[in-house]
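Scroll down for the structure; my scribbles are underneath it.
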4 protein chains.
Amino acid sequence: MFLIDVQSKTPIFEQLKKQILEFISIQVLSPNDKLPSVRSLASQLGVNPNTVAKAYQELETQGYIYTVKGKGCFISDNDTDAQIRLEKMKEFKDKVKEMKKYHIGKDGLYQTINEVYEEEYHD
Amino acid sequence: MFLIDVQSKTPIFEQLKKQILEFISIQVLSPNDKLPSVRSLASQLGVNPNTVAKAYQELETQGYIYTVKGKGCFISDNDTDAQIRLEKMKEFKDKVKEMKKYHIGKDGLYQTINEVYEEEYHD
Amino acid sequence: MFLIDVQSKTPIFEQLKKQILEFISIQVLSPNDKLPSVRSLASQLGVNPNTVAKAYQELETQGYIYTVKGKGCFISDNDTDAQIRLEKMKEFKDKVKEMKKYHIGKDGLYQTINEVYEEEYHD
Amino acid sequence: MFLIDVQSKTPIFEQLKKQILEFISIQVLSPNDKLPSVRSLASQLGVNPNTVAKAYQELETQGYIYTVKGKGCFISDNDTDAQIRLEKMKEFKDKVKEMKKYHIGKDGLYQTINEVYEEEYHD
DNA sequence: GTGGTCTAGACCACA
DNA sequence: GTGGTCTAGACCACT
C-alpha cells in the first residue's frame, strides 16, 4: 500500500505524510479508519520506527489524524479530505505565482493542464 | 538587487540560485552579462563568500553561467532564458499531475490561474 | 584503502573522486555498497570533512553515487562501472587526437601500449 | 593563427603554450623563427599582456624559446620539435597507465587509435 | 581583484 | 551518527 523511495531527496517521513494525505483525499482512507501501527508499517517498509512515528506525529499536530493511546492512530473526521484539497490548491496557487514571476504566459499553463488531464489515469 | 531571507528554511545558496535564474528568465540578466563578484555580493548580502561561491558553482555545473578565472562569472549564451522557462514548465506539469492525483478538478486550476494573472504585477 | 597526496597540484577532493571512480570501475566498490562516512574518511586521511563532503557531493551530482540522509553515501546501481570506463575511453580518445595533432605516428602509440600492458600489475 | 577559448577551464596562458608547442612540433614554427611580440599578440587575442608574457616566460624556462632583449622571442634550435614530441609521448604513456588502472583492455585502445588515425585530418 | 581550494569549527535535519 | 549548510578566515592561481 505504501511506497517509499529511499534514494529520493525528500525525507522519508515527508513521503509517508504525503501518501497518507493522498489516501485521505481520495477517500481510500476515511474518517475513523485505523492507520497501520508504527512498528508494523516501519518493518513493512524497512525503515526506522522513529521515522514513521515522526510522520504520524506531524499529521496529528496538523489535525489530520488523532491518536488513541493503546489503540493506535485514526483519520480525523472533520472534512479532512476537503481540507487537504484546499491545502493543495494553495500550493498550486503558489506555483502559478512563481510561473508568473518568470514571465511565463497563462496559455502555456492551460495547455499543460489539458495535457495532464487528458492522459489516462495511472500512478 | 538581490534579496535573501536568512530565516527561511530554504538554504541561502538556493535562494540565490533561484533569484539569478529569475533574472535570467526575464532578461534582467542577459547572455555574457557579468554577475557581481563573489566577495562583493557576499558583503552586500551579509553572508559568507563561500555561500555565494556555492550558488555560482552549482549554476555553472548546470550550464547557466560560466566562469573565467581572474575575471568573474558570466551568463551563458545558449538561450539560457528559454531553457530556464522550459525547466519551470516541467515543474509546473509535475504540480498539475499532483493535483490530478488528489482528484482535484481542472476547473479549479483554471480559476486559480486567472486569479493570479489578473492581479497587478508585483514582486 | 584511500591514498591522498597533499603536496599534489590536483585538489584533494579531485584525487578522492578519482580513486573512488577507480574502485567502482574495478568493482572493488559495487552498486549499493556504502562509502565510508564523511567524517571517518576525513579523519582517516587527515583532511577536513568539508573536503570529503565536496568529493561525495560532486560524485552524486554526476550520478555515480547517491546519498541517503542520516544513513550515508552509496554506489549507484546503473552500470556505474561501465559508464566510468566509457568516460575514460573518451578521455583516451581525446589524448590520441592530441597525439595526431602533433604529427606523432600511430606505431609509437602501439608500442607504448604494449610496454605498459606488459609490465606486471602494480599500483 | 592563434585561437583562445576564454570560457575553457584551462588557463589562457596554458592554451597559448600548447598552441605554440604544437606549431613547433609540426614545424609551422621553426628554429630561430620570431614569435609575435607580447603586446601585439595580446591585443590580437584580446587578452592581458601579462598572460602572454607568462606563456612566453614559461616556454623560455623550459628551453623551447629564447629571448633577445629589445628584439623579441625566438624558437630554440636544439631539436625542439623532437623534444616536444618526446614530452607528448610521456603524457600518452601516463594516460595508458591510467587506462590500465581502470582495467581497460588494450584491444579497446588499439581500436580507438585506429579510429582516430583513419579520420580525415581536421582541427 | 577574481574565483578555487582548504581548514576549523558550528548548528541542524534525518534516521 | 549521518550528511547539509554556514561562518570566519586563509592561501593560491589567474588576469
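Residue numbers start from 1 in every chain, and the chains themselves are labelled A, B, ... in the order their sequence lines are given, proteins ahead of strands. The model shown is predicted, which means the values in this text are computed figures rather than measured ones.
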In whole angstroms, how far is the P atom of E/dT7 from the CD1 atom of C/I4?
-> 10 Å
Checking only heavy atoms, does the side chain of C/R39 share a donor-acceptor pair with the base of F/dG3 at less than 3.5 Å?
-> yes
Tell me: CD of A/E14 to C1' of E/dA15, nearest whole Å?
-> 14 Å
Where the side chain of D/F13 is concerned, which of F/dC14, E/dC6, F/dG3 is the nearest nucleotide?
-> F/dC14
Residue whose closest nucleotide on DNA chain F lies nearer the 5' end, C/S40 versus B/V68 = C/S40
Which of F/dT2, E/dG3, F/dT7 is nearest the side chain of C/S37? It is F/dT2
Nearest-Å distance, CD1 (D/I12) to C1' (F/dT15)?
-> 7 Å
Check the distance between E/dA15's P and A/K17's NZ and give it to me in whole angstrom.
-> 12 Å
Looking across every strand, which nucleic acid part, if any, lies under 4.0 Å from A/N48 by heavy atom: base, sugar-phosphate, or nothing?
-> sugar-phosphate
Upstream residue (5' side of DNA chain F) when B/G46 and C/G72 are each assigned their closest nucleotide | C/G72
For the side chain of B/E60, starting at C-beta, report the closest nucleotide among E/dG3, E/dG4, E/dT7.
-> E/dG4
Does the side chain of C/T51 get closer than 4.0 angstrom to OP1 or OP2 of E/dC6 through an N or O atom?
-> no
C/T67 side chain near F/dG3 phosphate (N/O to OP1/OP2, under 4.0 Å) = no
Check: B/R85 main-chain N/O paired with B/S25 side-chain donor or acceptor under 3.5 Å | no
Parallel, tilted or perpendicular: which fits the ring planes of A/F23 and A/F2, with parallel below 30° and perpendicular above 60°?
-> perpendicular
With no angle test and no hydrogens, is the base of E/dG9 tied to the side chain of C/N50 by a donor-acceptor pair under 3.5 Å?
-> yes
Out of C/Y56, C/Y64, C/Y66, which one pairs with C/F74 under the ring-ring contact (aromatic ring centres under 6.0 Å, His included) rule?
-> C/Y66
Output yes when D/K93 and D/E98 qualify as a salt bridge under the 4.0 Å nitrogen-oxygen rule, no when they do not.
-> no
Verify, without hydrogens or angle tests, whether C/T67 (side chain) and C/K69 (backbone) share a donor-acceptor contact under 3.5 angstrom.
-> no
Here the distance between atom P of F/dC14 and atom NZ of D/K9, to the nearest Å, is 13 Å
In terms of the nearest nucleotide of DNA chain E, which residue is placed more toward the 5' end: C/K71 or B/G70?
-> B/G70
Is it true that the side chains of B/D81 and A/Y102 contain a donor and an acceptor less than 3.5 Å apart?
-> no
Could you state the atom-to-atom distance from CD of C/Q57 to P of E/dT5 in whole Å?
-> 13 Å
Rounded to whole angstrom units, what separation is found between the CG atom of B/L35 and the P atom of E/dG1?
-> 19 Å
Establish, with yes or no, whether the OP1 or OP2 oxygen of F/dC6 is under 4.0 angstrom from a side-chain nitrogen or oxygen of B/K54.
-> no
Please report, rounded to the nearest Å, how far the P atom of E/dA15 is from the CD atom of A/Q7.
-> 14 Å
Paired with F/dC14: which nucleotide, if any, by Watson-Crick or G-U wobble criteria at under 3.5 Å for both distances?
-> E/dG1
